[in-house]
Each structure stands twice: as structure tokens, then as C-alpha cells.
Amino acid sequence: MDATQLSQDLPESATWLNAPPATLMHFQGRPLVVAFVNAASRWCSQRLQELQQWQARHPGRLQVVVVQVPRFDFERDGQRSLALLAQDGIQAPVLLDTGWEAWRRFAVDSWPTLVMIDSSSREVERLVGLGQPLEPALSSLCQGVKPAPSALDNLQLLAVSTAGHELRHPRGLQVTQDRLYIADTGKHRVLECNHHGRILRQFGMGTADWADGSSDVAAFNRPHGLVLGHGHLYVADTGNHAIRRINVLSGQVDTLIGTGKAGTPREGVLAQAADSQLQQPSALALLDNQLLLAMTGDNQVWSYDLGSRKLACRAGSGALELRDGSGPMAAFAQPVALTTMDGTLYVCDALSSAVRSLQLRGGLVQTVVGQGLWQHGLVDGNRAQALLQFPQSVAADADAHLLWVADAGNGKLRRIKLPGAQVTSVALDRPLYGASAIAVQAGVVWIADSEGCAVLRYDPATGELADIPIGQ
């Protein structure tokens, strides 16, 4: 698009969450990207991380302002929005557009939208969604610009202090009879602990990178979901858009699927890992020889046969919707967690505030709990009444025939009793706003608290919620 002089500005009524109030004139003299995002969206998170990576390669050339436009009720709390962005490693000045006024002023119609503004305060281009390449647009915007310092360059966006914590925003758990495995997402590593929190082994160097090898030289990038089986710990290496595999006996790490870059998955038999790209795999489940993948970036569920090496899409059209049906006729809205029980895969569908079921034999997807793509809240009751808000994890307790749900938007631990899908909230002594992963072992519920940088243990028999002192 041709450069046009801006006639609008950031609204004075909006709230700056981590920087002094400013207008676009404050940023004149150096190129600026105004990023309209929703902190709950993984697409937005990926775009913001790409922006940060470009800034790191070209320091002093580009300014970024994040306009957080809330989708959920809890995001209207500025600290909750900051916490979401911090957990994804986003560091930039943030404006909370509670009433969507900035959204309307700039005539934005979807997120993420990047408004490119040159050093003379002229809008030169817009990138909408993830389909348009970022690198050439930013290179053109910053062509001829000499690096210069800015007061915002050293701004640290940390809504929740990680000081004094061994963990940094953990988002994956797997528990056995005597072991606790943690995806320590913010430190780019996987930990093996005992149930008392003592660290026995670390897998990964602890820096965001892409490398196979022994536990001390391998590297992950924001690992999320974990699942254990067949002598291996499988890792959804979300930041690398890959599935990694840790040999539990030797500690050796290799790549099962992926190239290290986001892309469209390819169905078929994979002769080698790089034969298919992936798009933000966030969660895993294992049923017999089938490794199930929540492909968050594509709103689909895939499977990988560990014997034949066949990769296949099991359900989801790719559209961001809440729609039941078989295989590609169904639609998900940011699937972020998986669990299996009695041959059925259960899917935590974050943006539809729903829990879905997938019959693996027939491919039928049904909604267990969830009322609509934009309907959320805190309501207990049967499947026709119950409401969740931005759930982040689901775990099955087959003995009790129920599902545990980390209802992060409401800060609650919820139970779904099957069959019938009766939903109840668990009374706890603290809110669980950062609950990002749960696992069940012998009836006990283990919870990864990403916001609190902690792991918790809840015993339904006693009602006790206890902190596990990781690394102490």
C-alpha cells in the first residue's frame, strides 16, 4: 500500500500497562510497528515472537507497541493480560484496549494485525494474520535507518516475578509412580524430578535453540506438552514447531517430526523427521502405537504411527470454530491439551472455552462441555448449562471416570463427571490463574502453575493443595 499520513492516534482512555502514557508522536523518528493482538491467541503469540526475533537481529532499528485487545473477561484485568504475554516471553510496551477503541480507530478487523509506521509517522503497510512474510516487510520499513537507542529498548515485561523460582512458566507435566517430568517452558528445558521436587536430570541446555544429542547439549525452544511411553518421553517442542523424543534410559534427545520452522504438515509416511513441517504442536497423548498431536497453530488433531511413521490429520478443518462432525467436517478453536480414556481422545479447546471428544475409530468429534465460540463464564451444572473460560489443560482419571480441567480464565480447577458431563468447581485455598497443565497419578492431581512458576499437588481425598519445592 502507498504511505499515508496517519490521521488517528492511540486513545487517551486506554491503559498503558508497563510504560508511561504516550502518543504516536513520541515514537516519531524511528520506524514503529503497532501490533494489535489478543494475548490468549497462539497465532498472536507467534507473530510477536517473530517480531522480537527480528528486533534481536537488528537492534536499535525498530520500535514495537503491543495493543492488547481482550477477548475474554479475565483479560480486562491488566495484570492478567501482562501475565499471559510474559508467559510467552513477550517484552514490549503494552496498551490495554479494553473498549476496543484503538481497534476501531485503526479500522482493524482481525488479530494479529501489524500496522507498519515509518519514521515520518506514515502508515506504509499492514500485515494481517500469519500468511504474509514478516522479514521483507520489516526490512523495507527499516531500510536506511541507523540504529538508535530508545527509552523503551530496555523495558522488561515481567508481570510475575520469577526471582527465587527454579521454574519459569512451566507448561507441561507427566507423572509416574515415582517420577515427575516438567516442561520448564520459559527456561527451554525438560526436568526429571522425584515427587518431592528434587531435580534428578535436566534435558536441554536451557537456551532457546534447536539441537539433538545428549541431555547436556540438546536444545529446546519453549517446550509444552509431554507424554511418556515405549521407553521415551515425547515432547511438544512448540517454539521449534517439532516433536522431540527423549530416551529415558540414556537421556539422548532426537527429533521425531519437524524442521525447526513453522509450516504446513504433510500427510503420509515420513522417511525422516524433516519430511514434514508442523505448526505450533502444543500437546501430546499416546494410545497404543499412535502418538496424538494437538496442532494448535492449525486448529487440528493429528496422529503419528510410531511403527509405520505415518503422519495423518485425524480431525479439524483448520478453521477456528466450534463445530462437531466427523474428521475434516469438525472444527476446533486452538486445541491446547489432550488426554485419553476408554479409547476416546479428549481435547481442551481453549478459545471456544470447551472440552471436546474425538472417537479415534470413527473420527467423530463432539462437544462435551462448551456453549459457543464466544460464550464463556463460570457456571457449574450439566453439559447444557456449564461454562468454562479459556481452559488450558485436561487430564483423565479413568478409575473415577472423570476429567479434570484447568480452567485458567476463571482461576479454577473443574471436574467433569462422565457420562453425562456434570461439571463442578473444586474449592481451593487459592485461585489457579496460571494453571497451564495437569496430570493425574493414583487419583492425585498435579498442576503446573505457569503464572506462579510452580508445581502444585492436589489430593481430592483430603482437599489439600500443596506446593512442590522444585530444586530445593
Run the side chain to side chain contact (heavy atoms under 4.5 Å, CB included) check on Tyr304 and Leu270 step by step: do they pass?
CA-CA 9 Å; Tyr304 177 78; Leu270 307 184; 4.0 Å; yes
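- Proximity of a side-chain donor or acceptor of His230 to a complementary backbone N or O of Asp288 within less than 3.5 Å is detected.
- No donor-acceptor distance shorter than 3.5 angstrom exists from the side chain of Gln52 to the backbone of Leu48, with no hydrogens or angles considered.
- Seen from the ring of Phe220, Arg244 counts as a face-on cation partner, given the 6.0 Å and 45° thresholds.
- Using a 3.5 Å distance cut-off with no hydrogens or angles, the side chains of Gln87 and Ser450 do pair a donor with an acceptor.
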Apply side chain to side chain contact (heavy atoms under 4.5 Å, CB included) to the pair Asp237 and Ile243, showing each step before the final yes or no.
CA-CA 6 Å; Asp237 193 7; Ile243 304 301; over 6 Å; no
Report the C-alpha distance between Thr238 and Asn240 in whole Å, list the side-chain angles of each, state the deciding distance to 0.1 Å, and finish with yes or no for side chain to side chain contact (heavy atoms under 4.5 Å, CB included).
CA-CA 5 Å; Thr238 306; Asn240 280 322; over 6 Å; no
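- Salt bridge annotation for Arg457-Glu464: absent, with no cationic side-chain nitrogen under 4.0 angstrom from a carboxylate oxygen.
- Leu249 CG: 12 or fewer foreign heavy atoms inside a 6.0 Å radius.
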Could you go step by step and tell me if Arg430 and Asp467 meet the salt bridge (Lys or Arg N to Asp or Glu O under 4.0 Å) rule?
CA-CA 12 Å; Arg430 72 188 90 168; Asp467 289 271; 3.1 Å; yes
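- Between Trp446 and His195, a ring centre-to-centre spacing shorter than 6.0 Å is recorded.
- A salt bridge links Glu135 with Arg57: the closest approach of a Lys/Arg side-chain nitrogen to an acidic carboxylate oxygen falls below 4.0 angstrom.
- Ion pairing of Arg356 with Asp324 is present here, as a side-chain N (NZ or NE/NH1/NH2) and a carboxylate O approach within less than 4.0 Å.
- Between Phe390 and His376, a ring centre-to-centre spacing not shorter than 6.0 Å is recorded.
- Donor-acceptor pairing under 3.5 Å is lacking for the side chains of Thr264 and Gln277.
- Within 6.0 Å of atom CZ in Arg361, 12 or fewer heavy atoms from other residues, nucleotides or ligands are found, so the atom counts as exposed in its surroundings.
- Of the possible donor and acceptor atoms, one in the side chain of Asn194 sits under 3.5 Å from a partner among the backbone N and O of Gly197.
- Salt bridge status for Arg245 with Asp212: absent, with no side-chain N to carboxylate O gap under 4.0 Å.
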Take Arg266 and Leu311, measure what side chain to side chain contact (heavy atoms under 4.5 Å, CB included) needs, and give me the verdict at the end.
CA-CA 7 Å; Arg266 182 183 71 83; Leu311 183 65; 5.8 Å; no
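- No side-chain donor-acceptor contact under 3.5 Å links His401 to the backbone of Asp399.
- Here the side chain of Gln300 pairs no donor or acceptor atom with the backbone of Trp302 at under 3.5 angstrom.
- Side chains of Glu75 and Gln68: a donor on one and an acceptor on the other come within 3.5 Å.
- Salt bridge status for Glu166 with Arg189: present, with a side-chain N to carboxylate O gap under 4.0 Å.
- Look at Asp449 and Arg171 and you find no salt bridge, because none of the NZ, NE, NH1 or NH2 atoms lies under 4.0 Å from a carboxylate O.
- The main-chain N or O of Ser45 is never found under 3.5 Å from a side-chain atom of Asp88 such that the two would form a donor-acceptor pair.
- The backbone N or O of Gln279 sits nowhere less than 3.5 Å from a side-chain atom of Asp298 that would complete a donor-acceptor pair.
- Of the inter-residue distances, the one linking Asn18 atom CG with Leu82 atom CG reads 5.5 Å to the nearest 0.5 angstrom.
- At least one donor-acceptor pair closer than 3.5 Å links the side chain of Asn38 to the backbone N or O of Val69.
- Ring geometry for Tyr234 against His232 counts as tilted: the plane angle lies between 30° and 60°, on a 0 to 90° scale.
- Residue Gln280 forms a side chain to side chain donor-acceptor pair (under 3.5 Å) with just one option from Arg42, Gln334, His224, Gln46, and that option is Gln46.
- Annotation for Arg201: atom CZ counts as buried by contact number, over 12 foreign heavy atoms lying within 6.0 Å.
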